[in-house]
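Single-structure report; data block below.
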Amino acid sequence: MLGKVSVGALMLESPDVVSLVYEATSQIPKGMVSTYGDIAKALGDVRASRAVGEILSKNPTPIVVPCHRVVYSDGKVGWYSGKGKNSDKKITLLESEGVEIKNGSIENFSSVRFAEFNIPNVLKQLRDEQEEIREHVVEEDDFGVLRHVVGLDVSYIGERSFGVAAVYSLENNELVEIKKVECSVRFPYIPTYLSYREAPVLSKLIDVKDAIYLVDGHGLLHPRAGIASHLGVLCNVPTIGAAKSLLYGHVESPESNRSEITIDGKISGIALKEGRSATYVSVGHRVSLNTATELCIRFLCHGIPLPLRTAHNEATLARKRAT
DNA sequence: GCGACAG
DNA sequence: ATCTTGTCGC
Ligand SMILES: [Mg+2]
């Protein structure tokens, strides 16, 4: 990796959310229940509730880690995995612990609902780090002679992540090189915390000095700072965010092929449309929105910048070959 | 009852 | 993102 590491380094040692979910679940007393969202809130953000559900669906030690005590926020018991969609086992377990259930819903839900978890508020820490990164973002062209545009993307098999860099020449717009790296990930996908899942593997691919990096994901089109900004600030390289769907911000002219996107009235991104597909461009780091947009347009191919398409295809290939 | 919150 | 299916809030 290029440059010194200081701001944004929490990403390199992401908190063990998986273990924290199991720890929280183990804190639910017998005879009580909690919800996926309550555990997510204890982690620091209700947006993590789906991730909590996914993690518990893969609980390697049912009963020991009592995931049967985690139910929907409306009081419905929900599924008990293991094998097939089934809630019978979950209901039986809960009733044996003294929890009353009627028509698949918890009786006296509010009085048996446990939420006093004692786990660290890790997502708050990550948000704080993202805010700090945001303050370090340079929103103007800040580079010497650029010779390459590098598309970055990731694919997965369970906890294995495959990162790909597709290096394109700015002299002739042609593919120069493809770099690949594999590493293991435990951090789940949580909306607005994508960096902590994908940036570790991608940071290993940042070693071309005369390049600007095109990242699959947002930069400043984010409530704090997206993965493109995170990688840019962490590695001190120019980066552009380019995503296929919008996370945050208001599209000013939805009909236009090139629309401004504003956040609190500030122009923070550009939506590029070509046929059915769209690319949402934003500043990652050390680039102006204009330059970022022009570079994306220059490589735009069927609605997506070619370096990203190639990186995506190669990442998918790497995953299939690893299977 | 349905849409959402990058990948 | 993957290839199975998870929650929340309007
Ligand atoms: Mg991707």
Side-chain angles (χ1 to χ4, degrees), chain A residues 11 14 18 21 25 33-41 43 45-59 67-68 70-87 90 123 127 130 151-164 185-202 214-231 239-249 251 261 263 268-269 271 277-282 284 304 308 311-313 315-316 318-320 322-323:
Chain A
M11 173 215 88
S14 302
V18 174
V21 167
T25 303
V33 298
S34 191
T35 75
Y36 303 91
D38 287 343
I39 294 174
K41 286 174 196 158
L43 288 168
D45 196 326
V46 69
R47 287 181 144 150
S49 45
R50 258 199 291 190
V52 170
E54 272 178 33
I55 289 165
L56 289 180
S57 76
K58 291 165 191 153
N59 179 8
C67 58
H68 59 280
V70 184
V71 303
Y72 291 3
S73 62
D74 62 1
K76 289 204 173 71
V77 168
W79 309 119
Y80 192 66
S81 44
K83 269 198 172 172
K85 272 191 178 182
N86 193 339
S87 54
K90 194 166 180 177
L123 297 181
R127 280 198 304 281
Q130 290 175 325
L152 295 176
D153 200 6
V154 192
S155 66
Y156 298 90
I157 302 176
E159 293 188 355
R160 298 170 73 190
S161 65
F162 303 89
V164 169
V185 260
R186 296 247 309 158
F187 198 92
Y189 170 67
I190 303 170
T192 72
Y193 302 85
L194 176 65
S195 301
Y196 298 93
R197 177 167 172 80
E198 298 207 335
V201 64
L202 293 182
L214 198 47
V215 185
D216 183 30
H218 295 292
L220 293 185
L221 282 175
H222 187 285
R224 299 171 296 276
I227 185 168
S229 298
H230 203 139
L231 277 171
T239 57
I240 298 169
K244 294 173 285 295
S245 68
L246 194 59
L247 171 73
Y248 192 66
V251 181
I261 303 169
I263 294 174
S268 305
S277 47
T279 293
Y280 299 88
V281 182
S282 60
I304 174 175
L308 279 184
H312 185 269
N313 288 344
T316 304
R319 176 174 66 82
K320 287 179 176 166
T323 309

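Proteins come first, then strands; the chains are lettered A, B, ... in the order of their sequence lines, and each starts at number 1.
Atom-to-atom, CG of A:Leu43 to C1' of C:dT7 comes out at 14 Å; the value is rounded to the nearest Å. In this structure, the CD1 atom of A:Ile55 is 16 Å from the P atom of C:dT5, given to the nearest Å. To the nearest angstrom, P of C:dT5 lies 20 Å from NZ of A:Lys76. Atoms CD (A:Glu159) and C1' (C:dA1) sit 14 Å apart, rounded to a whole Å. When the P atom of B:dC2 is taken as reference, atom OH of A:Tyr72 falls 16 Å away, rounded to whole Å. One interatomic measurement links the two molecules: NZ of A:Lys41 to C1' of C:dC8, which rounds to 9 Å at whole-angstrom precision. In this structure, A:Ile39 places its CD1 atom 11 Å from P of C:dT7, rounding to the nearest Å. Computed from coordinates, the A:Tyr36 OH to C:dC8 C1' distance equals 13 Å when rounded to whole Å.
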Parsed dot-bracket for DNA chain C after applying the Watson-Crick and G-U rules with both distances under 3.5 Å and | for other-strand partners is ......||||
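Partners of A:Asp74 according to the side-chain contact (heavy atoms from CB on, under 4.5 Å) rule, which considers only residues two or more places apart in sequence or in another chain, are A:Tyr72, A:Lys76. Partners of A:Leu247 by side-chain contact (heavy atoms from CB on, under 4.5 Å), not counting sequence neighbours, listed by chain and number: A:Thr192, A:His218, A:His222, A:Pro223. Every residue meeting the side-chain contact (heavy atoms from CB on, under 4.5 Å) condition with A:Val185, not counting sequence neighbours, appears here in chain and number order: A:Tyr156, A:Ser161, A:Arg197. Every residue meeting the side-chain contact (heavy atoms from CB on, under 4.5 Å) condition with A:Lys244, not counting sequence neighbours, appears here in chain and number order: A:Asp216.
As rounded to the nearest Å, C:dT5 and C:dC10 have C1' atoms that lie 23 Å from one another. Nucleotides B:dC5 and C:dC8 place their P atoms 16 Å apart, quoted to the nearest Å.
When atom types are taken as modelled, the side chain of A:Ser87 and the backbone of A:Lys90 share no donor-acceptor pair closer than 3.5 angstrom. Here the side chain of A:Ser282 pairs a donor or acceptor atom with the backbone of A:Gly219 at under 3.5 angstrom.
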Scan nucleotides 5-7 of chain B against the protein and return all N/O pairs shorter than 3.5 Å with their distances rounded to 0.1 Å.
unit_1: B:dC5; atom_1: O2; unit_2: A:Arg50; atom_2: NH2; d: 3.3
unit_1: B:dA6; atom_1: OP2; unit_2: A:Tyr189; atom_2: OH; d: 2.3
unit_1: B:dA6; atom_1: N7; unit_2: A:Thr192; atom_2: N; d: 3.3
unit_1: B:dA6; atom_1: N6; unit_2: A:Thr192; atom_2: O; d: 3.3
unit_1: B:dA6; atom_1: N6; unit_2: A:Leu194; atom_2: N; d: 3.2
unit_1: B:dA6; atom_1: N6; unit_2: A:His222; atom_2: NE2; d: 3.1
unit_1: B:dA6; atom_1: N1; unit_2: A:Ile227; atom_2: N; d: 3.3
unit_1: B:dA6; atom_1: N3; unit_2: A:His218; atom_2: N; d: 3.1
unit_1: B:dG7; atom_1: OP1; unit_2: A:Lys244; atom_2: N; d: 2.8
unit_1: B:dG7; atom_1: OP2; unit_2: A:Ser245; atom_2: OG; d: 3.3
unit_1: B:dG7; atom_1: O3'; unit_2: A:Asp216; atom_2: OD2; d: 2.7

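Between A:Tyr196 and A:Phe187, the angle of the ring planes lies from 30° to 60°, which puts this pair in the tilted group.
Of all non-hydrogen atoms in A:Ser49 and A:Gly37, the two that sit nearest each other are CB-CA, 3.7 Å. When every heavy atom of A:Gly217 is checked against every heavy atom of A:Ala228, the shortest pair comes out as O-CB, 4.5 Å.
Between A:Ser57 and C:dG6, a side-chain N or O to OP1/OP2 separation shorter than 4.0 Å is absent. OP1 or OP2 of C:dG6 lies within a sub-4.0 Å distance of a side-chain N or O belonging to A:Trp79.
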